[in-house]
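Written out below as structure tokens is the structure these notes cover.
Whatever order the structure lists them in is the order used to number ligands and atoms, beginning at 1.
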Amino acid sequence: MGMSLFITFEGGEGCGKSVQARALYKRLSQLAVPALLTLEPGGTPLGDRISRLVKWGQDIAISPLTELLLFNASRAQLVAEVIKPSLKDGKVVICDRFADSTTAYQSYGRGLDLDMVMSINHAATLGLQPDLTILLDIPAEAGLTRKKDRKPDRCEQENIAIPRRVREGYHKLAAGNPKRWLVVDAALSKAKVTGIIWDKVERLLSKG
Ligand code: TMP
């Protein structure tokens, strides 16, 4: 059986985390390390439907509190249906966004009460915390420019005024738990970022 490890990727729009999550998954697969790649919101049949609602829902009102609960509904299902069972099977689970996204966007970004957000996150995750969280750190403006060539989803449109607060939120979270977070400068080349992440993951895997 493999070694279970829970790794999450975080960052603002256009930071390249999805590309890096895929690169890490590919590397592990090439080395025959049992791994699973998933994402938020989504990753389950229910989560995919919630994702479609929160990202592309048109002509429906979604209040900030509702949005918080929808992200966490998707998350609760993902934890129960995919993440916990996979960790139990000894897999390395890689998740593109997790509870820290909600803390960064819904609390630091949108201003929902931090304690409330954290306690709802905690309920949805059953207290599960990542072993490693990789923050691909990018200045807010840079990320938005990178994504300019395609249509922004509903979250991106609404979040457009708050990327600076989201980034500061991530920095606070990372500073509060430096053992769990690896902050990587997303302005480095793609290959360089992949290398930095791999060094860290390899060390964690060899610790066994
Ligand atoms: P992504 O494709 O960049 O991962 O987009 C997901 C969008 O959803 C992004 O704008 C951030 C937002 N989001 C939240 O606001 N809270 C959350 O908990 C999650 C998972 C995503």
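- Looking only at atom types and distance, the side chain of N121 has a donor-acceptor partner in the side chain of T103 under 3.5 Å away.
- Between T102 and ligand 1, a contact under 3.5 Å exists for at least one N or O pair.
- Cation-pi contact between R75 and F98: present, with separation from the ring centre below 6.0 Å and deviation from the ring axis of at most 45°.
- At a 4.0 Å heavy-atom cut-off, ligand 1 does not touch E67 at all.
- Selection from R97, E40, E10, R110 by nearest heavy atom to atom 6 (C) of ligand 1 gives R97.
- Of all atoms in ligand 1, listed by their number and element, those nearer than 4.0 Å to a heavy atom of R75 are 18 (O), 20 (C).
- Close contacts between ligand 1 and E13 involve ligand atoms 3 (O), 9 (C), 10 (O) [criterion: under 4.0 Å to a heavy atom].
- Residue Q106 has at least one heavy-atom neighbour below 4.0 Å for each of these atoms of ligand 1: 14 (C), 15 (O), 16 (N), 17 (C), 18 (O).
- Between the side chains of S101 and E10, at least one donor N or O sits under 3.5 Å from an acceptor N or O.
- Here the straight-line distance linking atom SG of C95 with atom CZ of F6 works out to 5.0 Å at 0.5 Å rounding.
- Contact annotation: K55 has at least one heavy atom less than 4.0 Å from an atom of ligand 1.
- R27 contributes atom CZ, which lies 12.0 Å from atom CD1 of I94 (distance to the nearest 0.5 angstrom).
- In terms of polar-atom proximity, K17 is counted as a contact of ligand 1, with an N or O under 3.5 Å from an N or O of the ligand.
- Screening I7, L5, L37, L87 for a side-chain contact (heavy atoms from CB on, under 4.5 Å) with V93, the sole residue that qualifies is L87.
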